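Keep in mind that this is a model prediction, so the values were computed, not measured.
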Amino acid sequence: MTVLSPVAPDAAVPPGPWLLGVRHHGPGSARAVRAALESARPRAVLIEGPPEADELLALAADPDMRPPVALLAHVVDDPRRAAFWPMAEFSPEWVALRWALDAGVEVRFIDLPAAHSLAAGDEHPEGEPEDDSGAQDERPALRIDPIGVLAETAGYDDPEAWWEDVVEHRDGTPGADPYGPFTVLGEAMTALREAYGDGGHARDLIREAYMRQQLRAARREFGDDVAVVCGAWHVPALAERTTVAADRALLKGLPKVKAELTWVPWTHRRLARHSGYGAGVDSPGWYGHLFGAPDRPVERWMTKVAGLLREEDRQVSSAHVIEAVRLAGTLAAMRGRPVPGLTETTDAVRAVMCEGSDVPLALVHDRLVVGDVLGEVPDAAPAVPLQRDLTRAQRSLRLKPEALERELELDLRKETDAARSRLLHRLSLLGIGWGERSASRGSTGTFRESWRLRWEPELSVRVAEAGVWGTTVLAAATARAESEAAGATVLGEITALAERCLLAELSDALPVVMRALADRAALDTDVAHLAQALPALARTLRYGDVRGTGTAALGEVATGLAERICVGLPPACTGLDADGATEMRRRIDDVHTAMALLPEAPEGPTTLRDRWASVLTRLAGRDTVAGEIRGRAVRLLLDDGRLDDAEVERHMGLALSVGTPPGDAAAWIEGFVGGASGGGMLLVHDERLLALVDTWLTGVPADAFTDVLPLLRRTFSAYEPGVRRTLGELVRRGPGTAGPAPADAGAPGFGAGLDEERAAAVEPLLWLLLGASTHGPGTPPEPSDHPASDHPASDHLASDHPSSDHPSSDDPASDHLAGVGK
């Protein structure tokens with residue numbers, strides 16, 4: 001086994017072929033490759049990569065091609081089986097590729113074809129090497145990291161730090177030997193291969209056999225005037241003298257599939273993913289900076305950090321930059337490093353610019369150390385028809401794919417926004433998760449949608465997968481929806497699919513989905529399934545009104561489901577355990593909301609909503625129904641105005657009576673005021689109900705209190721902090737007593753009657769706030785029977801009057817409820 005011999009710095013160009021062993025995505029290796037190629041000026045450049053991509057190499061010179069990009073290879077019949085070969089601006093392979101194209105020399109990929117590497121995912125490659133001695137294979141069971149082994153040998157505990165010191169931080173002094181780094185790395189890798197063999201990378205032996213064949217072919221065509229750019233681990237194998245027959249034996253019988261390749265955009269964030277080259281970097285943004293900085297990389301980096309922090313309204317001055325640069329240099333000297341690396345610069349930024357906080361430092365790491373740079377690929381790159389249709393739609397709708405996450409607010413009343421919504425819904429149905437729905441800000445109307453968009457490189461594979469459904473986004477989404485409708489077995493899945501079809505405006509798929517929905521709804525007798533399906537139908541009807549889509553057939557199905565729920569719900573709510581009651585309570589909430597969305601269709605003396613109210617009334621009065629469901633039924637009837645305050649008090653009094661087990665009573669309270677139903681505000685404004693809860697809670701026996709406390713804590717902890725604080729204050733001072741309110745009672749929480757003197761004191765200030773003058777036209781009449789005041793109206797407002805007629809409560813038992821939500 002031989003490798004390139006060392007070359008003196010003042011010697012001429014050594015004889016070829018030149019084996020340039022690199023670390024993938026290493027800026028130091030990229031600079032060294034460029035220097036070596038400029039010195040040697042080879043007639044051909046061979047690069048580690050799938051040879052099927054040779055036809056795509058010319059696209060790298062296109063002005064619209066901007067790294068980071070990746071070669072995407074996928075199986076034609078199964079696009080899910082795919083692999084990427086990413087390249088950044090600082091990748092040695094990209095530098096070698098661009099140099100060859102600019103110099104007009106031959107450039108080729110020489111790695112094992114993607115047709116074989118993709119097929120090997122399901123089958124073990126044939127032709128594995130055998131040990132001629134018959135001895136047991138003593139290769140390590142785990143794969144070794146060559147860089148890690150060299151770093152450990154040099155006394156480093158961090159492979160990244162070692163690599164930066166010996167490669168990335170080389171100053172590139174003029175006159176230095178451009179082949180020195182490759183010679184040293186070749187010798188180091190030769191020693192590792194002698195000690196570890198294939199290092200647990202058994203498949204590399206097959207790849208290296210193929211690369212040796214391609215190197216032989218290139219030497220027959222161009223002589224020794226050939227440069228090879230590959231991983232440093234492969235250099236000893238490519239320099240090894242082997243026979244053609246031995247390499248052919250290794251490659252014999254390899255499985256093969258039909259593969260297609262193209263260029264796709266990539267991101268810095270995805271460069272850390274182990275795919276294709278199998279090399280990831282934790283700091284692609286930092287490496288890109290090192291490669292692109294012409295001089296003073298630390299100073300330029302600190303300036304970038306300062307600019308980012310200033311954009312985030314942090315106080316960072318030029319003095320901070322100067323001090324951070326000095327501190328980074330001091331740390332490097334103390335740690336024995338030639339120049340400051342990422343560790344030193346990060347420590348300096350934390351100490352000087354971030355004042356020791358890791359919060360702004362996380363922003364620096366995310367935006368600069370890693371980065372969200374998204375590459376671009378020219379239109380001439382091969383793509384499946386679906387991808388081209390998607391690209392056209394993105395351009396026409398001005399929806400540019402971006403690596404950085406952004407919020408998109410849509411107004412469906414505008415044609416462009418409605419078209420954007422349709423596109424995003426269709427892509428979602430196809431499994432292309434470019435956009436994710438989020439809660440709308442500022443409006444709850446159905447004409448608004450909010451999306452969170454972020455383009456990931458893997459979505460290119462999803463587009464290729466979805467290409468089997470059609471050549472356009474509309475056709476593919478329609479075919480996918482029809483297929484899902486035919487295979488759905490749960491009613492809720494079909495109703496959700498119907499909603500998605502309406503949102504995506506798939507008019508051709510909707511009839512197919514509706515037939516499947518009607519067939520499944522007729523056979524399904526599970527009330528829980530019906531209750532799960534109805535809300536989606538109701539939302540679909542609501543969105544149909546906004547989007548102008550015909551929904552008559554959906555309305556008929558929804559009405560039929562609602563009627564069956566009204567018949568089957570009471571028996572289904574009997575005999576449920578705690579978990580079952582909680583789940584059924586959620587279903588009842590959803591159905592109640594859906595009933596309000598369904599169109600009124602009176603049939604006979606009662607409407608659908610009247611029948612639903614009758615069902616809730618029966619649930620509220622049945623002792624065999626779980627307390628949580630009974631409490632929720634009472635609450636829903638109260639909110640709809642079907643029960644008055646006296647009836648609610650009666651139901652609550654029965655549920656919280658002495659004879660009711662504390663656990664059942666707590667469950668009733670959970671159903672009545674729990675969750676996000678606004679129950680806290682109900683108790684704040686109706687002190688009679690609050691008094692019932694407080695009286696019951698203070699009377700719970702000590703041995704039962706610990707059992708009901710978790711449920712009550714869960715109930716009251718869901719309230720807003722202000723609501724909990726107000727409830728605590730009301731309980732501490734003593735809420736109003738239960739029972740019928742006096743005839744002259746005021747609003748809940750206020751005293752009886754009207755204090756006319758205090759009201760008159762406020763009146764002048766009120767007119768002032770409304771902008772009315774106290775003299776001239778529009779002057780309000782002088783208040784009668786009240787003496788004029790010589791003090792400003794503000795003095796009247798500042799006067800100290802008692803705010804409540806309720807006496808303060810010193811009973812410590814009333815503090816139970818005040819502390820439940822804490």
Side-chain angles (χ1 to χ4, degrees), residues 20-38 66-68 86-96 98-99 147 151 156 158-174 176 178 180-182 185 229 231-232 266-272 277 279-308 321 324-329 331-333 335 337-350 353 361 364-373 375:
L20 308 180
V22 300
R23 185 192 187 193
H24 304 298
H25 313 312
S29 293
R31 288 193 298 268
V33 164
R34 184 165 53 191
L37 293 177
E38 287 288 349
R66 296 183 179 88
M87 299 183 192
E89 185 179 9
F90 51 83
S91 298
E93 297 81 8
W94 179 260
V95 171
R98 288 304 309 266
W99 182 92
I147 304 299
Y156 282 73
D158 183 3
E160 294 291 332
W162 176 82
W163 182 262
E164 284 190 356
D165 288 351
V166 301
V167 178
E168 305 303 340
H169 294 157
R170 288 174 55 87
D171 57 7
T173 303
F182 305 110
L185 281 177
V229 179
W266 204 249
T267 65
H268 274 179
R269 193 175 302 279
R270 282 295 182 265
L271 284 175
Y277 286 124
V281 292
D282 297 329
S283 51
W286 166 255
Y287 275 7
H289 170 77
L290 290 181
F291 182 74
D295 57 6
R296 298 180 177 272
V298 177
E299 289 84 349
R300 295 178 184 274
W301 178 257
M302 294 301 183
T303 303
K304 283 185 179 180
V305 173
L308 173 63
V321 176
V325 171
R326 290 176 177 173
L327 179 57
L331 291 175
R335 295 168 181 175
R337 306 194 66 180
V339 294
L342 180 59
T343 302
E344 286 71 35
T345 56
T346 300
D347 292 343
V349 168
R350 178 192 289 109
M353 299 186 188
L361 191 67
V364 174
H365 181 272
D366 185 66
R367 297 280 186 87
L368 294 182
V369 177
V370 177
D372 281 304
V373 179

Test item: His289 and Leu368 side chains (from C-beta on) under 4.5 Å apart, heavy atoms: no
Closest contact, heavy atoms only, Gly21 versus Leu185: O-CD1, 3.9 Å
Candidates Thr345, Thr343, Val349 - the one meeting side-chain contact (heavy atoms from CB on, under 4.5 Å) with Asp347: Thr343
Shortest non-hydrogen contact from Gly341 toward Trp286: C-CZ2, 3.8 Å
Contact summary for Ala348 and Ala328, nearest pair of heavy atoms: CB-N, 3.9 Å
Closest heavy-atom pair and its distance - Ala293, Arg300: CB-CD, 4.1 Å
Within-4.5 Å side-chain heavy-atom neighbours: Val369 and Trp301: yes
Over all atoms of both residues, closest heavy-atom pair of Ser91 and His25: OG-ND1, 2.9 Å
Closest approach of Ala30 to Pro92 (non-hydrogen atoms, all atoms of both residues): N-CG, 3.8 Å
Side chains of Pro67 and Phe90 in contact at under 4.5 Å (non-hydrogen atoms): no
Side chain proximity check, Val33 to Trp99, heavy atoms < 4.5 angstrom: no
Test log, rule side-chain contact (heavy atoms from CB on, under 4.5 Å), inputs Thr346 and His365: CA-CA 9 Å; Thr346 300; His365 181 272; over 6 Å; no
Pair Leu20-Leu37, side-chain contact (heavy atoms from CB on, under 4.5 Å): steps then yes or no: CA-CA 9 Å; Leu20 308 180; Leu37 293 177; 4.1 Å; yes
Note, Val229 side chain near Val22 side chain (heavy atom, < 4.5 Å): yes
Side chain proximity check, Leu327 to Glu344, heavy atoms < 4.5 angstrom: no
Arg296 atom CZ: more than 12 heavy-atom contacts under 6.0 Å: no
Atom CD of Glu89: over 12 foreign heavy atoms under 6.0 Å: no
